[in-house]
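See below for the structure under consideration.
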Amino acid sequence: LYADKTDVACTGNAGQPDPYSIVYCKIADAITDAASGDTIKVFYATYNEALQISKSLSLVAPLGATISNVSTAIRFCSGAGTLYNVTIDGFTIANNTNGIDMNPDMCGGHLEIDGLTISNCTFENNNWSGVGIIYGGILRNLTIENSTFTGQDTSIAFSLNTVLEGVTIKNCTVTNNNWGLWSYAGAQISDIIVSDSSFSSNHYSGIHSNGSTIKNMSLSNVEISNNNGEGIQFLNATIENFSADNITVSNNGLNPQISEDRGGGLGIHTSSILGFTISNSSFTQNERGLVFGSGSATSVIIDSCNINNNN
């Protein structure tokens with residue numbers, strides 16, 4: 001299927017008998033007429049549409065396309081079941097209240113997704129989040145890759161009793177947001193991999209968890225720098241099996257904005273840690289290097305790391 005608002009012959013309504021032989025003016029109409037498993041190709045233009053996806057499909061913009069100036073650019077709904085295998089590729093999502101939002105309260109109280117890939121997207125100046133799942137949503141097998149986040153309150157948000165199983169974030173740039181990667185208030189996250197990405201110049205922390213449970217989290221080839229608060233912060237969190245290899249953490253915590261941002265490269269506060277390994281990494285020119293505050297930490301290994309020139 002095709003959507004191109006600039007095509008003078010585009011079709012202005014859903015409900016077409018042969019959706020594969022026409023061009024839709026609106027992305028939403030193409031979504032309505034698409035069958036499960038279809039691909040919708042969106043031509044380069046700016047679309048002021050709030051989209052809802054409740055079927056398996058790929059929404060791609062090979063030349064780029066923008067969704068802007070709506071409340072929520074893309075919302076997912078699964079009904080009482082599970083929404084499988086959705087791809088969002090090639091879009092700029094800018095100047096909305098929310099970018100991609102997963103909120104069960106907006107979909108009858110239940111939301112469960114298995115297989116969501118977000119690729120080659122730019123998220124700019126959305127008021128709340130670039131990508132967010134809240135209020136008890138369930139999300140399995142999330143991949144965010146080759147994407148940029150700037151100007152949001154939270155770039156990537158997992159909060160309020162959500163459940164995430166299998167998260168991959170790779171080749172992403174997260175900069176100049178209030179918060180970078182953010183989990184909060186009862187989020188339960190397992191098997192999260194962050195690689196080949198940067199979290200820099202965010203107003204608070206680059207990677208932040210407050211009141212969440214995280215099991216099996218790994219960072220590799222990640223740069224975390226110039227965040228006002230701590231580069232990585234675990235606060236009131238339960239962490240099991242955290243590992244970081246070849247990460248660079250520098251110039252964080254020099255201008256903390258709130259009391260929770262105690263200032264440093266990596267801070268652990270009032271948290272329970274079981275299994276924590278950092279190797280082949282550097283922590284330099286932060287307010288503090290590594291901070292293990294109150295709480296408990298068992299099986300901690302710091303190996304072959306450069307920790308110096310911190311205040």
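Aromatic ring orientation, W182 versus W179: tilted (interplanar angle from 30° to 60°). Ring planes of F234 and F276: perpendicular class, angle over 60° (limits at 30 and 60°).
Applying the disulfide bond (SG atoms under 2.5 Å apart) rule to C25 yields the partners C10; only residues at least two apart in sequence or on another chain are considered. Among residues two or more places apart in sequence or in another chain, the ring pair (Phe, Tyr, Trp, His ring centres under 6.0 Å) test is passed with F123 by F149.
Residues N309 and Q285 have side chains that never bring a donor and an acceptor to within less than 3.5 angstrom of each other. Defined by atom type and a distance below 3.5 Å, a donor-acceptor pair is present between the side-chain atoms of D33 and Y24. Under 3.5 Å, the side chains of S225 and S250 contain no donor-acceptor pair of N or O atoms. No side-chain donor-acceptor contact under 3.5 Å links T238 and S272. Defined by atom type and a distance below 3.5 Å, a donor-acceptor pair is present between the side-chain atoms of E287 and N311. Side-chain N/O atoms of N246 and S220 include no donor and acceptor closer than 3.5 Å. Side-chain polar atoms of N171 and E145 form no donor-acceptor pair below 3.5 angstrom.
Looking at T175, its side chain never comes within 3.5 Å of a backbone N or O of S201 through a donor-acceptor pair. Listed for the N48 side chain is a donor-acceptor partner under 3.5 Å among the backbone atoms of S68. The closest donor-acceptor contact from the side chain of S299 to the backbone of G275 lies at 3.5 Å or more, if one exists at all. T82 places no side-chain N or O within 3.5 Å of a backbone atom of S78 that could act as its donor or acceptor partner. Checked by atom type and distance alone, the side chain of S271 pairs as donor or acceptor with a backbone atom of H269 at under 3.5 Å. Judged by distance alone, the side chain of N255 and the main-chain N or O of N228 form no donor-acceptor pair under 3.5 Å. No side-chain donor-acceptor contact under 3.5 Å links S205 to the backbone of G229. Checking side-chain atoms of S21 against main-chain N and O of D18 turns up a donor-acceptor pair under 3.5 Å. In this structure, the side chain of K55 engages the main chain of I31 through a donor-acceptor pair within 3.5 Å. Judged by distance alone, the side chain of D7 and the main-chain N or O of K5 form no donor-acceptor pair under 3.5 Å.
Interatomic distance, CG of N216 versus CD1 of I193, reported as 9.5 Å (0.5 Å rounding). The distance from the CG atom of L1 to the CG atom of L59 is 10.5 Å, given to the nearest 0.5 Å. Here the CG-OG1 distance, from N141 to T168, works out to 8.5 Å after rounding to the nearest 0.5 Å. Atom CZ in F199 sits 14.0 Å away from atom NE2 in H208 (nearest 0.5 Å).
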Chi angles and distances behind the side chain to side chain contact (heavy atoms under 4.5 Å, CB included) call for N103, L111: CA-CA 7 Å; N103 181 351; L111 177 63; 6.0 Å; no
Criterion side chain to side chain contact (heavy atoms under 4.5 Å, CB included) on I192 and L164, from CA distance to verdict: CA-CA 9 Å; I192 176 170; L164 293 104; over 6 Å; no
Derivation and outcome, side chain to side chain contact (heavy atoms under 4.5 Å, CB included), residues M217 and I207: CA-CA 12 Å; M217 179 177 187; I207 297 175; 4.2 Å; yes
Test log, rule side chain to side chain contact (heavy atoms under 4.5 Å, CB included), inputs S200 and E223: CA-CA 8 Å; S200 65; E223 179 183 348; 5.7 Å; no
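Considering only heavy atoms from C-beta on, L116 comes within 4.5 Å of L139 through its side chain.
Checked options V167, V174, V194, I224; the residue passing with L181 is V194 (criterion: side-chain contact (heavy atoms from CB on, under 4.5 Å)). Under the side-chain contact (heavy atoms from CB on, under 4.5 Å) test applied with I67, the options T72, L51, N95 reduce to a single match, L51.
Heavy atoms from other residues, nucleotides or ligands lying under 6.0 Å from OH of Y184 number 12 at most. Under a cut-off of 6.0 angstrom, the local environment of OH in Y20 is crowded, with over 12 non-hydrogen atoms contributed by other residues, nucleotides or ligands. Within 6.0 Å of NZ in K41 there are 12 or fewer heavy atoms belonging to other residues, nucleotides or ligands. With a 6.0 Å radius and a threshold of 12 heavy atoms from other residues, nucleotides or ligands, Y135 has its OH atom at or below the threshold.
By the rule that hydrophobic residues join a cluster once side-chain heavy atoms approach within less than 4.5 Å of another member, V163 and I113 end up as members of separate clusters.
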